[in-house]
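Bear in mind that the values here come from a model prediction, so they are computed numbers and not experimental data.
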Amino acid sequence: MSDQREPLQQQPYGRAYEHMLEKVRYDGAYPTHEKAEQAVRLVLAGLGRQLTGDERVELAARLPLEAARILTAQIPDTQPLTGWAFIKDLAARTGASPATTRWDTGSVFSAVAAYAGPDLLTRILHQLPSGYALLFGRAELTPAA
């Protein structure tokens, strides 16, 4: 009997995650599936470092399994970042420009918003510091003084 082992085969992604990647690829005009997936992984990991509590749990439950794993694998930061600081942090982690990172974030957050739905997205935006509404494609409303 030989001790040859079958090479590990990468498990295909679930249909829901593939659909999410295609939405991001289309919305972000990425040339390849891999570029879209890089953006999804980067942005969801960043969001996972910002989001806490019931909103984090509920969003993870609504996302495709692979996306939920990326989000929940992150330990939330003790000091939440504003929307602009979030972009700068992601850009610094990848070496990309803030403009490119802003594009990636908007493309991924568009898909996340679709999975979250309007009510959960509103709760998420209330939890996060200022600047995230625009990243999710919503107007940034501030309470009157």
Can you find a heavy atom in the side chain of [X] that is under 4.5 Å from one in the side chain of [Y]?
X: Glu66; Y: Met20; result: no
X: Trp84; Y: Pro98; result: yes
X: Tyr132; Y: Ile124; result: no
X: Leu42; Y: Val108; result: no
X: Thr32; Y: Gln38; result: no
X: Phe86; Y: Leu128; result: no
X: Glu22; Y: His33; result: yes

Nearest 0.5 Å, what's the [atom1]-[atom2] distance between [X] and [Y]?
X: Ile70; Y: Leu63; atom1: CD1; atom2: CG; value: 9.5 Å
X: Thr82; Y: Lys88; atom1: OG1; atom2: NZ; value: 7.0 Å
X: Leu59; Y: Tyr115; atom1: CG; atom2: OH; value: 11.5 Å
X: Glu37; Y: Glu34; atom1: CD; atom2: CD; value: 7.5 Å
X: Arg62; Y: Leu121; atom1: CZ; atom2: CG; value: 10.0 Å
X: Asp104; Y: Leu90; atom1: CG; atom2: CG; value: 9.0 Å

*Is the NE2 atom of His19 crowded by more than 12 outside heavy atoms at less than 6.0 Å?*
no
Can you see which heavy atom on [X] is nearest to which on [Y], and at what distance?
X: Tyr17; Y: Val40; answer: OH-CG1, 3.8 Å
X: Pro80; Y: Pro129; answer: CB-CG, 3.7 Å
X: Leu44; Y: Ala67; answer: CD1-CB, 3.5 Å
X: Pro31; Y: Arg25; answer: O-NH2, 2.9 Å
X: Gly48; Y: Gln74; answer: C-CB, 3.7 Å

Between [X] and [Y] (side chain of the first, backbone of the second, donor and acceptor by atom type, cut-off under 3.5 Å), is there such a pair?
X: Arg56; Y: Thr72; result: yes
X: Gln127; Y: Thr52; result: yes
X: Gln50; Y: Leu81; result: yes
X: Thr122; Y: Pro118; result: yes
X: Arg49; Y: Ile75; result: no

_Are Leu134 and Leu51 linked, directly or through intermediate hydrophobic residues, by side-chain heavy-atom contacts shorter than 4.5 Å (ILVMFWY only)?_
no
_Criterion salt bridge (charged side-chain N to carboxylate O under 4.0 Å, His left out) on Asp89 and Arg93, from CA distance to verdict_ = CA-CA 6 Å; Asp89 177 65; Arg93 289 173 186 268; 2.9 Å; yes
